[in-house]
Structure formats: structure tokens, C-alpha cells
There are 2 protein chains.
Amino acid sequence: MDKKRDISMAVIKRLPKYYRHLAELLRNDVDRISSKELSDKIGFTASQIRQDFNCFGGFGQQGYGYNVKELYNEIGKILGTDKEYNTIIVGAGNIGQAIANYSRFEKVGFNLKGIFDTNPKLIGVRIKDIEIEDVDNIDAFLSKNSVDIGIICVPANTAQKIADLFVSNGIKGIWNFAPVDLDVPEDVSVENVHLLESMLTLVYLMNEQKAK
Amino acid sequence: MDKKRDISMAVIKRLPKYYRHLAELLRNDVDRISSKELSDKIGFTASQIRQDFNCFGGFGQQGYGYNVKELYNEIGKILGTDKEYNTIIVGAGNIGQAIANYSRFEKVGFNLKGIFDTNPKLIGVRIKDIEIEDVDNIDAFLSKNSVDIGIICVPANTAQKIADLFVSNGIKGIWNFAPVDLDVPEDVSVENVHLLESMLTLVYLMNEQKAK
DNA sequence: TAGATTGTTAATCGATTAACAATC
DNA sequence: TAGATTGTTAATCGATTAACAATC
């Protein structure tokens, strides 16, 4: 486990992409791959790929390359996909509902346990066999159920309040879709999906291209 | 315009965050801010903030700091929010519908002009006064309408086909939600939102914390 | 064994931070 | 003017790339 320490964020952000490409190779029945071949496919340099993998120990074999299945499993373990995670969604608007219905997550071990909203029109509605509950019930729900990840899909002005609620109930992972930077203790991990910022990045890149 | 050249991706990715924080300051009627104060709020170092802004020219005033309104407008211009953009969404599933209904985009100048899907049950359905059309109509639609940004919300296996369709019709910006790396000419910009990868990053960070 | 490719060290490159002169 | 804070150069830090010995 100690190996995991001091891994740079640059490496961490590349891991899921390796994982995705290896899953694809696996589906295509590819047994082995060299860092050079993976480089051609994924776009990182072969040197970087070898450096990245060696942060976690040597998965390859000189003269041969990497065994796809083994590498896929190793990276899965590093990422934590060998475990299951219980999640709840707070905010059952457009994004919240889309995430709730997004079936790819279940397949990878994310189990949605609850959906919450403040809107009386939504409370009681069922999404995927889960009845949307009042946000006021979150505290009680979390004291009875073990939840690993809280997903925030509420507007910016209430997001911090929800995050505080998560933190006070011992949730250690927050997936945040609200356009704010959440303030949480350092042992709580936050991953943001800032859609408008992503769109603005695209617009910048387009205008930059046009100027060339 | 030449100033824009050679701006590193690290800087570009920070611009939307500056823009969001400045919008908030503006809403709170803050007139001026120093790099030090902005640093406390946004989390980047004061030095980095000044470096970033100076990539585009000096927006500040010695001894005073930055005028919030002016800085907000300047960054808006750099990002391209002073213009409007026509968009279409291909794939009217969970994510596609959520994006279509996400009202924050309209406010910032993104105008949704069309939604396309292959599912006969969805074709003809109206979302926000826009009737979902058959994907087969995209070509004809694009030859008649000026579209700046194509949004891909289809499954992985058809995403590249849609991207090709966009490219052949002169679209220069693609916002991609499909879990694939699209292959496009270099004058076409792609911004990815890879939800599963974002979630896996969160899971890694949580497990790393636990190991400490 | 010979060839191929890793694991790993060293060199380079780029991004961040520190420092301070310029100046409002 | 004195104080404050930028703009900018120099120093540091970290990440990527190159090179090659180890070894399958």
C-alpha cells in the first residue's frame, strides 16, 4: 500500500484512461501489448507509460511487454474497482436523474442507494426502484445506511450545505456537479465535474484555433 | 490575438475557474481585488495568478490590484463568452436530455438548435421546443444551419461516426460525453467529459486517503 | 543465444514559486 | 510622498523524455 504514496496527480488522472483502453483491448482478445503499441493507441509516450506503471511496481516483462489481462486487473486494484461502493444522489434535477439512470456505473460496482430532493413534486417519484426522498431525511438515512460516496447535483447555493451534511455523517468521497469549490476536511476527497467550465475550455480552444 | 499563442494547457484550464470566481465577486458587489485576496479565495498562489493574467497582458494596477468588473470582462473575452454559439446534441438519452435541459448554458450564450437520436420512440418528442430528429437528418440539418459546437451523447461505439459527420460538415468544436478518444483533424477542438473516469479518480483518491 | 522490451537513471523541459524593481 | 501591489525576471521544483543496462 505504501507504494501508492506520493503518486502525482498527473499520473492519477491518467490511470482511468489506461483502464479504459485496457478494457477495450481485453474485449478485443488482445493478450499482450508493449509500451510502444500502447503509446500508439493511447497517445502518451512509451517512456511515460513505463514510468507510470512503475510507480506501482513492475507489471511487465522484459522482451515481452505487458500481459493485458494482468495489467488491467492491477490497475483496477490500484483504482479500487475490485470493491463495491454505495452512493446517494442529492438533487434529482436533470443531472441528478441522468446520473441515476446512467447504467454504466452499476456495472463497475457503484450501487445507488438513495436519491434526495427538496422539490415536493419530485419526492415520492421512483427512479430505478428508488423513491426520491426529502432532503431532510438524509441525516436519518445516513445513520441507518452505509454510504461511501455522496453525489451532489443541487444548485451552487446549497451545495456546501449538502457537503457539510455528508462530512458530518462520515462520507469520505464527494462527486460534485455544482459549480462551486467545496470546503471539506482533508481526509474527504472531492472530484468535481464542472460542466460549464468544460464548455468554456472548449470555446477557448476553438477561438485559439481560429486565430491561427 | 497573437498574445493568445503558446498559452499552456495548465493556464487555459484555470481560466474558467477565474471566470466563475470573478462572476461571484461581481454578484457580491466587490469592486477591486488583489492577487493575494484572490489567492485566498481561489486557492492558487498569488504569484501564479499574476503570472496567469500576464499571459494575456496587464489587467492590474500597481498598488491597487485588479478591477473585478474589468478583469471579468477581459477573461470573458479571452474565453470567448462575448460571442454566442449554436449547438446541437446528438444522443437524447439521459445525458443528452440533461444537457438539453440545463439552463445555465443559455444564459452564457449557448443556443441549442437541434437534438438527434436513432431511437424511434424519441424521434418527434419535444425538449424545450426542439423536436428530436432522426440522426439521418444531421447532414441535411448542418448544411442548412450554422452550428458551432456539436455535443456527442451517444454510446461509445457510434461516437466516432458522429464526430466524422461533424467534421465533414465543418464543425470545429466537439463536446464529447462518450467514453472514447475521438480522432479528429487538428483544427477541430475536442473537450471530453468522461464521467466514469472522473468517478474512478474519486475512488482512487478515497482509497489513497484510507491507506494513510 | 539473439532480439526485444522492460525498469530505471539521467537529461531535458516546462510549470510554479520567490523575489524585487517598477509604479500607481 | 509612502505604502501597496503589480509585472516580470530569476530560482526552484516537478514532470516528461531520452537513454541504456538488465533480463526475459
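By convention in this document, chain letters (A, B, ...) are assigned in the order of the sequence lines, proteins followed by strands, and residues within each chain are numbered from 1.
Listed nucleotides: D:dA22, D:dT16, C:dT23. Nearest to the side chain of A:Gln62: D:dA22.
What you find for B:Leu22 and B:Val68 is that their closest heavy atoms are O-CG1, 3.9 Å.
Across the protein-nucleic acid pair, B:Phe53 atom CZ and D:dT5 atom P stand 15 Å apart, rounded to whole Å. Rounded to an integer number of Å, the gap from CD1 of B:Ile12 to P of C:dA15 is 10 Å. Counting to the nearest Å, the P atom of C:dT8 and the CZ atom of A:Phe56 are 15 Å from each other. Taking atom CD on A:Gln48 and atom P on C:dT12, their separation rounds to 19 Å, with Å as the unit. Across the protein-nucleic acid pair, A:Gln51 atom CD and D:dA15 atom C1' stand 9 Å apart, rounded to whole Å. The interatomic distance linking B:Ile7 (CD1) with C:dA15 (P) rounds to 11 Å, in whole Å. Summarising the geometry, the separation between CD on B:Glu74 and C1' on D:dT6 is reported as 16 Å, rounded to the nearest angstrom. Between the C1' atom of D:dA21 and the CG atom of A:Asn54 lies a distance of 15 Å, rounded to the nearest Å.
Side-chain nitrogen and oxygen atoms of A:Ser35 include none within less than 4.0 Å of the OP1 or OP2 phosphate oxygen of C:dT5. Within the 4.0 Å cut-off from OP1 or OP2 of D:dT16, at least one side-chain nitrogen or oxygen of A:Arg14 is found. The side chain of B:Arg50 contributes no N or O atom lying less than 4.0 Å from OP1 or OP2 of D:dG7. For B:Thr45, a side-chain nitrogen or oxygen approaches OP1 or OP2 of C:dT17 to under 4.0 Å. Put simply, A:Ser47 has no side-chain N or O that comes within less than 4.0 Å of OP1 or OP2 on D:dT16. Within the 4.0 Å cut-off from OP1 or OP2 of C:dC24, not a single side-chain nitrogen or oxygen of B:Tyr66 is found.
DNA chain D is contacted by both A:Asp52 and A:Gln61; A:Asp52 maps to the nucleotide lying nearer its 5′ end (nearest heavy atom per residue).
Within 4.0 Å of B:Ser34, counting heavy atoms only, lie sugar-phosphate atoms of the nucleic acid but no base atom. At a threshold of 4.0 angstrom between heavy atoms, the contacts of A:Phe44 with the nucleic acid are absent.
B:Tyr85 and B:Phe110 have their aromatic ring centers within a separation under 6.0 angstrom.
Open room surrounds NZ on B:Lys36; 12 or fewer heavy atoms of other groups in view lie less than 6.0 Å from it.
Classification of the A:Phe53-A:Phe59 ring pair by plane angle, with boundaries at 30° and 60°, yields tilted.
D:dA21: Watson-Crick or G-U partner is C:dT6, with both key distances under 3.5 Å.
Contact check for B:Phe116 versus B:Ile132: no side-chain heavy atoms found under the 4.5 Å cut-off.
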